[in-house]
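The chains referred to below are lettered A, B, ... by the order of the sequence lines, with proteins before strands, and numbering in each begins at 1.
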Number of protein chains: 2
Amino acid sequence: MSATIKDVARIAKVSPSTVSRVIADSPRISKETKLKVEQAIKELNYHPNIIARSLANRSTKIIGLIIPNTSEDLFKNPFFIQIMTGISIYAQKKGYYIMYSYSKKENEEIKFLKNYSNSKLVDGFILLTSKKDDKCIEFLKKNNYPFVVVGRPEDTNKVLWVDNDNFKAMYEVVDTLIQKGHSSIAFIGGPKQFNMSKDRLEGYKKALEVHGICIDNKMIEQEVNFTESCGFDAMNRILNYKIPSAVVTTDDLLAFGALKAINERIDQKIAIVGFNNTPLAVYQNPPLSSVDINAEELGYNAAKLLIGKLENELLSTNHYIVDTKFIERESTI
Amino acid sequence: MSATIKDVARIAKVSPSTVSRVIADSPRISKETKLKVEQAIKELNYHPNIIARSLANRSTKIIGLIIPNTSEDLFKNPFFIQIMTGISIYAQKKGYYIMYSYSKKENEEIKFLKNYSNSKLVDGFILLTSKKDDKCIEFLKKNNYPFVVVGRPEDTNKVLWVDNDNFKAMYEVVDTLIQKGHSSIAFIGGPKQFNMSKDRLEGYKKALEVHGICIDNKMIEQEVNFTESCGFDAMNRILNYKIPSAVVTTDDLLAFGALKAINERIDQKIAIVGFNNTPLAVYQNPPLSSVDINAEELGYNAAKLLIGKLENELLSTNHYIVDTKFIERESTI
DNA sequence: TTAATTTGTGCAATCGATTGCACAAATGCA
DNA sequence: TGCATTTGTGCAATCGATTGCACAAATTAA
């Protein structure tokens, strides 16, 4: 068995309390005692038992990650793993641990949430997506459990969140296209249960409006699931109606599908823009322009907000907006 | 504050030990007492504190995941997140929790490992890759800590591991190509510090040998990092030497790069095969044939092995071999 | 009817830390 | 020198569970 605080105390000829204080770097410990204890710690290769400490502290320093099962592109989109690394990097810095759980079954996230919080296993949560009427958010709010949402929630009041400025990001994309002379621009977007989808659509509309271009609802495909085949179908519906000079999408996967439809049916070039800048955007034919959303920084900031809250820091803000960057490639040249 | 076992005991008019026994479903509790206690539990919405339980049990039911930082394709290859979901699914079934940690710095995995194990935070580990002379494996073996390795380790003796049969998988690919009439087949493979790379190369060589085709070392590019640009460069080196009729690679990313080189330089068609069957293989031009390695099942089995070990089951085997499947697409037609 | 066994429950120690409070020794101040 | 204050350490309770052991009551056997 490995050494406990009592063993250290015995070797250093002090009490366990003193050892504890040395570890916590309490100012009331004399230099000599501190040295003695530190030597004993080294000698025994002692490491505090985190579980015992957690029990005494009523805090585990564990963050729970709720990964949505609805996101069909979990595997195709590096978004989640990027967020997860961002979270991990900040958490490490602050000595926090991360727990995750994933389920294929619909709406099982709430089960984890309850299990983790009821059993006092985690100090707080990060939700990797926020849907409309999210049961998880509801539960966490009701129980006053600390949490951060990735993606702007319905009700931003008293909720901590991180997101991009999706309105602005899409506005800029469409604005750039218009500047290049495009005036017939189609839109393929995801389910409206995500604010992100709505915001990007609004950005699109606003840009058209500002430039005095009429919004044609038949050029707008909404509520499209984030899969290539749905993007493919949506693009075909648009092409059946009219051939646009450009298409913007709210996800690279949609763009991949759309590109396929275009390549199959149309000879002339249609400008196309993805979103999220997945690593393989550059390997499309033509290489796909896309908007980098900086997912890792989203995760990093989410962890920052949550840990700040957990440590009772005076938070200067309840959210972070992470910059996006429109990466132009051949698909818009 | 939420209810503790003492509160339940008080309400049910029994001792905490009895409550504990009811929860553990001990056979020595009478039906009436059990009912009383269960009612009290419901009434108070009591949930056992996992931390306290862990302390008493000297076991946390937490599994630690060591994610390699060397894998440059962490974001590009869904391999890791697929493994992670497989692990999660089995762990949930068995009531285990999962902790992960990721660092960008070289060789920091061992730090987590030591931290997690010394502080008794996790019961065991799953290493998501195994390199040659892996410090982590060394440490875990020395300290007799339970762990499972994804990917066959150097020394399979007394180590639990899961892997595909990489030799066989590549053998079959090359065999299939030869059956189709190819005889000039190039090979682009990853670093030899991974057994997987070596096995796939051996499978390639064996298939050639069996069919009486000479092995031409100039057609073999080894030690290529798992990036598209390295694949691109490797392919160009091969093309500088000779134009093969087919190319096999040990990773889709390498294949993507190789494909690009081919498309840029050569008019004639060269058959090409990737590995790992990433979701976007199908979106290459032409759609890329690849080998599906069933990463989720690798993860699932890794968790199974580890948890079996942790629960002192008599393990019938120290490893699992997960089936692969050669998915043929246009790139080999 | 009595002794032996089984059944059901509680006591108290334990897991390995933290921390408020008490108190002796050392120091400061007049 | 004498008293007040500061400094450094230990005692013991606590966090919230689990579990070996003891033992009374109920049951069975003789």
Side-chain angles (χ1 to χ4, degrees), chain A residues 1-38 40-41 44-62 95 97 115-123, chain B residues 1-38 40-41 44-62 95 97 115-123:
Chain A
M1 282 309 288
S2 48
T4 72
I5 201 168
K6 284 183 192 163
D7 301 322
V8 176
R10 193 164 16 82
I11 299 292
K13 297 198 204 323
V14 295
S15 76
S17 354
T18 300
V19 177
S20 175
R21 291 194 179 100
V22 169
I23 292 168
D25 207 22
S26 157
R28 305 196 54 134
I29 298 290
S30 71
K31 284 211 178 73
E32 305 84 63
T33 322
K34 194 171 171 182
L35 221 70
K36 260 197 313 187
V37 171
E38 279 167 350
I41 287 178
L44 294 174
N45 188 30
Y46 166 76
H47 297 266
N49 180 310
I50 298 227
I51 298 299
R53 175 181 283 173
S54 296
L55 183 59
N57 283 335
R58 287 169 222 64
S59 149
T60 59
K61 293 198 140 203
I62 300 177
Y97 304 95
N115 180 12
Y116 286 17
S117 59
N118 284 329
S119 60
K120 301 280 181 295
L121 183 53
V122 310
D123 286 351
Chain B
M1 279 310 288
S2 46
T4 71
I5 201 167
K6 284 183 193 164
D7 300 321
V8 176
R10 193 163 16 81
I11 299 291
K13 300 201 204 320
V14 296
S15 75
S17 353
T18 301
V19 177
S20 175
R21 290 194 180 101
V22 169
I23 293 168
D25 207 23
S26 155
R28 304 196 54 134
I29 298 290
S30 72
K31 282 209 180 76
E32 305 85 61
T33 325
K34 193 170 172 185
L35 221 70
K36 263 197 309 185
V37 171
E38 278 167 352
I41 288 178
L44 294 174
N45 188 30
Y46 166 76
H47 296 266
N49 181 310
I50 299 226
I51 299 300
R53 175 180 283 173
S54 297
L55 183 59
N57 283 334
R58 286 169 221 65
S59 148
T60 59
K61 293 198 138 205
I62 300 176
Y97 304 95
N115 181 12
Y116 286 17
S117 58
N118 284 329
S119 60
K120 301 280 180 294
L121 183 54
V122 310
D123 286 353

Nearest-angstrom distance from the residue atom [atom1] of [X] to [atom2] of [N]:
{"X": "B:Lys6", "N": "C:dC11", "atom1": "NZ", "atom2": "P", "value": "13 Å"}
{"X": "B:Arg28", "N": "D:dA25", "atom1": "CZ", "atom2": "P", "value": "16 Å"}
{"X": "B:Arg58", "N": "C:dA13", "atom1": "CZ", "atom2": "C1'", "value": "12 Å"}
{"X": "A:Leu55", "N": "C:dT19", "atom1": "CG", "atom2": "P", "value": "12 Å"}
{"X": "B:Ile5", "N": "D:dT14", "atom1": "CD1", "atom2": "C1'", "value": "16 Å"}
{"X": "A:Leu44", "N": "C:dA17", "atom1": "CG", "atom2": "P", "value": "12 Å"}
{"X": "B:Ile51", "N": "C:dT18", "atom1": "CD1", "atom2": "P", "value": "14 Å"}
{"X": "B:Ile50", "N": "D:dG16", "atom1": "CD1", "atom2": "C1'", "value": "12 Å"}

How is [X] classified with respect to the nucleic acid when contacts are heavy atoms under 4.0 Å: base, sugar-phosphate, or nothing?
{"X": "B:Thr33", "answer": "sugar-phosphate"}
{"X": "B:Val14", "answer": "sugar-phosphate"}
{"X": "B:Thr4", "answer": "sugar-phosphate"}

Check whether any side-chain N or O of [X] sits under 4.0 Å from OP1 or OP2 of [N], and answer yes or no.
{"X": "A:Ser15", "N": "D:dC11", "value": "no"}
{"X": "A:Asn57", "N": "C:dT19", "value": "yes"}
{"X": "A:Ser30", "N": "D:dG8", "value": "no"}
{"X": "A:Ser17", "N": "D:dC11", "value": "no"}
{"X": "B:Arg53", "N": "D:dT18", "value": "yes"}

Legend entry - Closest non-hydrogen atom pair between B:Ala12 and B:Ala40, with its separation: CB-CB, 3.9 Å
Legend entry - Closest to side chain of A:Thr18, choosing from D:dT9, D:dT18, C:dG16: D:dT9
Legend entry - Side-chain donor/acceptor of B:Thr60 to backbone N/O of B:Leu121, under 3.5 Å: yes
Legend entry - A:Ser20 side chain vs A:Pro16 backbone, donor-acceptor pair below 3.5 Å: no
Inset, instruction - Quick one: list whatever passes side-chain hydrogen bond (donor to acceptor under 3.5 Å, both in side chains) with B:Thr33, sequence neighbours left out. - result: B:Ser30
Legend entry - Between CD1 on residue B:Ile29 and CG on residue B:Leu35, distance to nearest 0.5 Å: 12.5 Å
Legend entry - Upstream residue (5' side of DNA chain D) when B:His47 and A:Ser26 are each assigned their closest nucleotide: A:Ser26
